[in-house]
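See structure below.
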Amino acid sequence: MTDTSKKAISLNILALDTCTESCSAAASHNGEVYSEQADAPREHSQRLLPMVKSVLAQADLKLKDVDVIAYGRGPGSFTGIRICTSITQGLALGQELPVIGISTLAAMAQSAIDDGAKQVLAAIDARMGEVYWGQYIAVDGIATLVNDEVVSAPESIVLSLDVEQSITVCGTGFDAFPQLLELSDTMVINEKAKFPEAKYMLALAQDGVNKGLSTSVDDLAPVYLRDTVTWQKLPGRE
């Protein structure tokens, strides 16, 4: 699928994400975005590489032509994060490509901001009675984190956004804990941004590269937010 990018994306970026129920890949080339997405929570490892090959072909890019790989770094499903980071590692190592981790919460917020939101509360159901959540504002069209991303019980969420203005909310956290909608009378749900999608990672990746945030694949860093799972448990790492 081809999209016209709303922002100036000058780099050839490959983006991929499997951190939630959604599996997606996207590529940017000559200011256009090519993307594929599927809701296939048990098929991420089988679906992602064919999606990567497809979007690269649509963009008329070879992997060696890619300037940076943007990967969904979490938070989200532990298994999904491991799949995404492992596949990113394999792709990047072969061509010695730099990588940049993109928050799943930020990707959801970027989707809402591309849809006109000015401030966003993104929340993913973290199971065990908790949510992963982050608050974002639009700065020059880019989702910009306010404070930190957190995993907590829903009743622990404290808004730092302007509750006098519209707050767009998105993510499975609001399905699991509908009481979150009572945090402010100005909340508006954006259902299109329920899951992160790789195409919304592209502008975030371009912005991150501009700020010098890309790294070598050796410094690839998933974010679980919970301390029970660490990078050392990823396949192939000592």
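We count residues from 1, following the sequence as given.
There is a path of hydrophobic side-chain contacts, each under 4.5 Å, that joins L220 to L49. Grouping the Ile, Leu, Val, Met, Phe, Trp and Tyr side chains by contacts below 4.5 angstrom, directly or via other members, places V55 with L63. Hydrophobic clustering keeps M108 apart from I189 (ILVMFWY residues linked when any side-chain heavy atoms are closer than 4.5 Å, directly or through intermediates). No single ILVMFWY cluster, assembled from side-chain heavy atoms under 4.5 Å apart, contains both V151 and L183. Placement of F195 and L225 in two distinct hydrophobic clusters is found when ILVMFWY residues are connected by side-chain heavy-atom separations under 4.5 Å, directly or transitively.
Q37 and S22 share a side-chain donor-acceptor pair at under 3.5 Å. With hydrogens and angles left out, the side-chain atoms of T186 and S184 include a donor and acceptor closer than 3.5 Å.
Partner C23 forms a side-chain contact (heavy atoms from CB on, under 4.5 Å) with one of T18, D39, D17 and no other, that one being T18. The one candidate from K118, Q110, E149, Q119 that meets the side chain to side chain donor-acceptor pair (under 3.5 Å) condition with Y136 is E149.
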Candidate pair L11 and V209, rule side-chain contact (heavy atoms from CB on, under 4.5 Å), full reasoning: CA-CA 9 Å; L11 296 175; V209 171; 3.6 Å; yes
Applying side-chain contact (heavy atoms from CB on, under 4.5 Å) to R82 and Y224, what does each step give before you reach the verdict? CA-CA 10 Å; R82 287 195 293 269; Y224 297 101; 3.5 Å; yes
Test log, rule side-chain hydrogen bond (donor to acceptor under 3.5 Å, both in side chains), inputs S54 and Q58: CA-CA 6 Å; S54 178; Q58 292 174 53; 3.0 Å; yes
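When every heavy atom of L105 is checked against every heavy atom of A122, the shortest pair comes out as CD2-O, 3.7 Å. For the pair T20 and H44, the tightest heavy-atom approach, listed with the atom from each and the gap, is O-NE2, 2.7 Å. Taking all atoms of both residues into account, the shortest heavy-atom contact from I81 to C19 is CG1-SG, 3.7 Å. Minimum interatomic distance between R73 and S103 (heavy atoms only, all atoms of both residues): NH2-CB, 3.4 Å. What you find for A27 and A59 is that their closest heavy atoms are CB-CB, 4.2 Å. Taking both residues in full, the closest heavy atoms of A221 and Y71 are given as N-OH, 2.8 Å, listed atom of the first, atom of the second, then distance.
More than 12 heavy-atom neighbours from other residues, nucleotides or ligands sit within 6.0 angstrom of CD on Q179. No more than 12 heavy atoms of other residues, nucleotides or ligands sit less than 6.0 Å from atom CG of D60. Atom CD of Q46 has more than 12 heavy atoms from other residues, nucleotides or ligands within 6.0 Å.
With rounding to the nearest 0.5 Å, the separation of NZ in K199 from OG in S28 is 14.0 Å. Atom CD of Q89 sits about 8.5 Å away from atom CG of D218, to the nearest 0.5 Å. Distance check, rounded to the nearest 0.5 Å: SG of C170 to CG of L121 gives 7.5 Å. With values rounded to the nearest 0.5 angstrom, I167 atom CD1 is found 12.0 Å from I137 atom CD1. Separating the CG atom in L97 from the CG atom in D65 is a distance of 10.0 Å, to the nearest 0.5 Å. For the atom pair L91 CG and Q95 CD, the distance stands at 9.5 Å (nearest 0.5 Å).
Judged purely by atom type and a 3.5 angstrom limit, S86 has no side-chain atom pairing as donor or acceptor with the backbone of I83. With hydrogens and angles disregarded, no donor-acceptor distance shorter than 3.5 Å links the side chain of S166 to the backbone of A117. S214 places no side-chain N or O within donor-acceptor distance of the main-chain N or O of I100, the cut-off being under 3.5 Å. H29 contributes no side-chain N or O that, together with a main-chain N or O of V66, makes up a donor-acceptor pair within less than 3.5 Å. At least one donor-acceptor pair closer than 3.5 Å links the side chain of S24 to the backbone N or O of A198.
Residues Q206 and S10 form a side-chain contact, since some pair of their non-hydrogen atoms from C-beta on lies under 4.5 Å apart. By the 4.5 Å heavy-atom criterion applied to side chains, V131 and I157 are counted as neighbours. Side-chain contact between Y132 and R226: present, with at least one pair of heavy atoms (C-beta onward) separated by less than 4.5 Å. Between L204 and I142, some side-chain heavy-atom pair lies under the 4.5 Å cut-off. Residues N190 and D115 have side chains in contact (heavy-atom distance under 4.5 Å, counting atoms from C-beta outward). The closest side-chain heavy-atom distance from K194 to T172 is below 4.5 Å.
For the salt bridge (Lys or Arg N to Asp or Glu O under 4.0 Å) test, residues two or more places apart in sequence or in another chain that qualify with R127 are D125.
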